[in-house]
S.K.: 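Quick one: the structure is below, and I'll ask about it shortly.
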Amino acid sequence: MTGPPATGGGTGLAAREGDRPTAAPRPWVGYVGLVARLAVGGVLLVAGLLKITDLTGSVQSVMAYELFPYPVARLIGSMLPVVEIAVGLLLVVGLLTRGAAAVGGLLMLLFVAGIVSAWSRGLAIDCGCFGTGGPVDPEDTAYLPDILRDLGLLALSAWLVVRPRTPLALDSLLKGR
Amino acid sequence: MPRPPAPEVKPVAARGPSAGLIAGVVVLVVALLGVLVWAATRGGDLEAVGSSSTLPDGGGVSVGPGVDADVTQVRIYEDPQCPWCARLENQIGEDLAEMVEAGEVNVTFQIMSFLDGNIGNDSSKRSANAMLCADDAGVFLPYHQALFAEQPAEGAGWTDEQLVGYAEQAGVDGDALTDFQACVAEQPHADYVQDMQQRANEDGVNSTPTVFVDGEELPQEDLSRLIQEPGVLREVLEAQGR
């Protein structure tokens, strides 16, 4: 485990930064990344665990979007929790951060697309993001908050793709880093 | 002429495994687990045999003149633990039983059990099995009424004793009651219960109660009326049906 490089001191550092392209330029950049990792990873991990303990519900949540026939919905509903848990774990421990964040961001894009699609077709469903999907009363839909949450997580994922080096990450133990 | 051997490549910093190796392992593990989980969601091929009045392909319990009879066909998707299903049954159950008795409608109960996963118990599956036991004992409708009339508070579920008790209420006694007890304990209809849930998934029904009349889904406002206003069953069915 290595913390962010000690760049305190102030003057004369800017010139040296070019020598170490992978180093975080300022300590707070690393900590933003750490927070991003824990936020995106934590949400994905919880979402995946809630889904995998109720796979029937997970498949139903996918069916509720009325986008896929049953066999496809079953494939998505069962595979998605596994991917969410894997990406969530990787981000929380900081392993393969860039790749995991890229997959996490891709998931968020797909989720936003799905929710926008459901909203625009006038469906009244819970997004099923945390395993409690299916139809709800029209006044109980939460499309906008769901979309904003996912866009926020997308932004954090994008940050990690650009700056994957963070403190307290297993990535620092990998070869050649 | 043999080529000169390639120069030996020395790792720059031989600390720990490479990112590529880890990535490969992670992708393999995720793929393997994904396939396992996917396989776990595969039900049977809807081949289970249910009780005396069940339809093939996990199609539910049919009571009345039959699904091919030229009468109003009602199809109810319900989960024993769904509170609104209980309110629906408590409101229309008796009227529905009368119309079935008179041969005016045929009702098919598609008994789902997805709330087990939601709530974290197994009461939907056990009580669905018990309803099929009641079907074999010839008391499906009274049993169905008793079960929903005494639906426990949110998520508390039923004990086996309660499930047997409703059969006694419905008039099952003697050897038949002993058989019923065994049926509740051994859950011989578990496979069919699973098929009913899978069939509902394949039908695209993921909320309960959902009611179809002559193949058309009953609109939400009519369903709400059925649940809230007593005595409107016939009127709603006639307006919805042919």
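Just so we're clear, the structure is a prediction, and the values are computed from it rather than from any experiment. Every chain is numbered from 1 and lettered A, B, ... according to where its sequence line falls, protein lines coming before strand lines.
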S.K.: State, without any angle test, whether B/Gln198 and B/Glu202 hold a side-chain donor-acceptor pair at a distance under 3.5 Å.
M.R.: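 Present: a donor and an acceptor within the cut-off.
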
S.K.: Can the ring centres of B/Tyr77 and B/Phe109 be said to be less than 6.0 Å apart?
M.R.: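 B/Tyr77 vs B/Phe109: aromatic centres not under 6.0 Å.
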
S.K.: May I ask you to say whether B/Arg75 pairs ionically with B/Asp203, meaning some side-chain N is under 4.0 Å from a carboxylate O?
M.R.: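 B/Asp203 and B/Arg75: salt-bridged.
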
S.K.: Taking the inter-plane angle between the rings of B/Trp158 and B/Tyr166 on a 0 to 90° scale, is it parallel (under 30°), tilted (30 to 60°) or perpendicular (over 60°)?
M.R.: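 Ring orientation of B/Trp158 relative to B/Tyr166: perpendicular.
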
S.K.: Any luck finding a side-chain donor-acceptor pair between B/Gln73 and B/Asp214 under 3.5 Å?
M.R.: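 No, because no side-chain N or O of B/Gln73 sits under 3.5 Å from a partner of the opposite role on B/Asp214.
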
S.K.: Measure across A/Ser157 and A/Val40 and return the closest heavy-atom pair with its distance rounded to 0.1 Å.
M.R.: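 Smallest heavy-atom distance, with atoms named: OG-CG1, 3.7 Å.
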
S.K.: Go through the atoms of B/Val35 and report whether side chain, backbone, both or neither lie under 4.5 Å from a heavy atom of chain A.
M.R.: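 Both parts, backbone and side chain.
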
S.K.: Pick from B/Leu33, B/Val29, B/Val30, B/Ile22: which one has the most heavy-atom pairs with chain A under 4.5 Å?
M.R.: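 Looking at each option in turn, the highest pair count goes to B/Ile22.
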
S.K.: Which residues from residues 54-62 of chain A are near chain B, with near meaning under 4.5 Å between non-hydrogen atoms?
M.R.: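 Result: A/Asp54, A/Leu55, A/Thr56, A/Gln60.
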
S.K.: Using every non-hydrogen atom in the two residues, find where B/Asp57 and B/Arg199 come nearest and quote the distance to one decimal.
M.R.: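 Where B/Asp57 meets B/Arg199 most closely, the heavy atoms are O-NH1, 3.0 Å.
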
S.K.: Can you tell which part of A/Leu50 gets under 4.5 Å to a heavy atom of chain B, answering side chain, backbone, both or neither?
M.R.: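 For A/Leu50, no heavy atom lies under 4.5 Å from chain B.
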
S.K.: Strictly below 4.0 Å, N to O, side chains only: are B/Arg225 and B/Asp222 in salt-bridge contact?
M.R.: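 Looking at B/Arg225 and B/Asp222, the cut-off is not met.
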
S.K.: Sort B/Val26 into side chain, backbone, both or neither according to what part of it lies under 4.5 angstrom from a heavy atom of chain A.
M.R.: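 For B/Val26, side-chain heavy atoms alone lie under 4.5 Å from chain A.
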
S.K.: I'd like to know if the side chain of B/Asp79 pairs up with that of B/Thr208 as donor and acceptor (distance under 3.5 Å, no hydrogens or angles considered).
M.R.: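 Distance-only check fails for B/Asp79 and B/Thr208.
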
S.K.: Are a donor atom and an acceptor atom from the side chains of A/Arg121 and A/Ser117 found within less than 3.5 Å of each other?
M.R.: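 Result is yes, a qualifying pair exists.
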
S.K.: Just wondering, more than 12 heavy atoms not from B/Asp68 lying within 6.0 Å of its CG?
M.R.: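 Result for CG/B/Asp68: open.
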
S.K.: Non-hydrogen atoms of chain B under 4.5 Å away: do they reach the side chain of A/Leu80, the backbone, both or neither?
M.R.: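 Contact with chain B is absent: no heavy atom of A/Leu80 under 4.5 Å.
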
S.K.: Is it true that, when you exclude B/Glu216 itself, more than 12 heavy atoms of the residues, nucleotides or ligands shown sit nearer than 6.0 Å to its CD?
M.R.: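 No, CD of B/Glu216 has 12 or fewer neighbouring heavy atoms, counting only those of other groups under 6.0 Å.
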
S.K.: What pair of heavy atoms forms the shortest contact from B/Pro209 to B/Trp84, and how long is it?
M.R.: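 Reported closest heavy-atom pair: CD-CB, 3.7 Å.
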
S.K.: Please report the closest heavy-atom contact between A/Asp150 and A/Ile115, naming both atoms and the distance.
M.R.: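 That closest heavy-atom pairing would be OD2-CD1, 3.7 Å.
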
S.K.: What residues of residues 122-135 of chain B sit under 4.5 Å from chain A when only non-hydrogen atoms are counted?
M.R.: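 Within residues 122-135 of chain B, no residue comes under 4.5 Å of chain A, counting heavy atoms only.
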
S.K.: Given heavy-atom pairs under 4.5 angstrom as the criterion, report whether the side chain, backbone, both or neither of A/Leu96 touches chain B.
M.R.: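 A/Leu96 touches chain B through side-chain heavy atoms alone.
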
S.K.: Got a sec, which residues hit ring-ring contact (aromatic ring centres under 6.0 Å, His included) with B/His189, two or more places apart in sequence or on another chain?
M.R.: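 Per chain and number, B/His189 pairs via ring-ring contact (aromatic ring centres under 6.0 Å, His included) with no residue.
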
S.K.: Only heavy atoms, only distances under 4.5 angstrom. Which residues in residues 82-91 of chain A are near chain B?
M.R.: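 So far as heavy atoms go, A/Val82, A/Val83, A/Ala86, A/Leu90 are the residues that approach chain B to under 4.5 Å.
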
S.K.: Who wins among B/Ser207, B/Gly204, B/Ala200, B/Ser113 for the most heavy-atom pairs under 4.5 Å with chain A?
M.R.: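 The answer is B/Ser207.
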
S.K.: Can you find a side-chain donor-acceptor pair between B/Gln81 and B/Asp116 that sits under 3.5 Å?
M.R.: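 Yes - a donor-acceptor pair under 3.5 Å links their side chains.
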
S.K.: Can you give me the closest heavy-atom contact between A/Ile52 and B/Val37, atom names plus distance?
M.R.: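 Heavy atoms only, the tightest pair is CD1-CG2, 4.1 Å.
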
S.K.: B/Gln197 versus chain A, heavy atoms under 4.5 Å apart: side chain, backbone, both or neither?
M.R.: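 Just its side chain gets close to chain A.
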
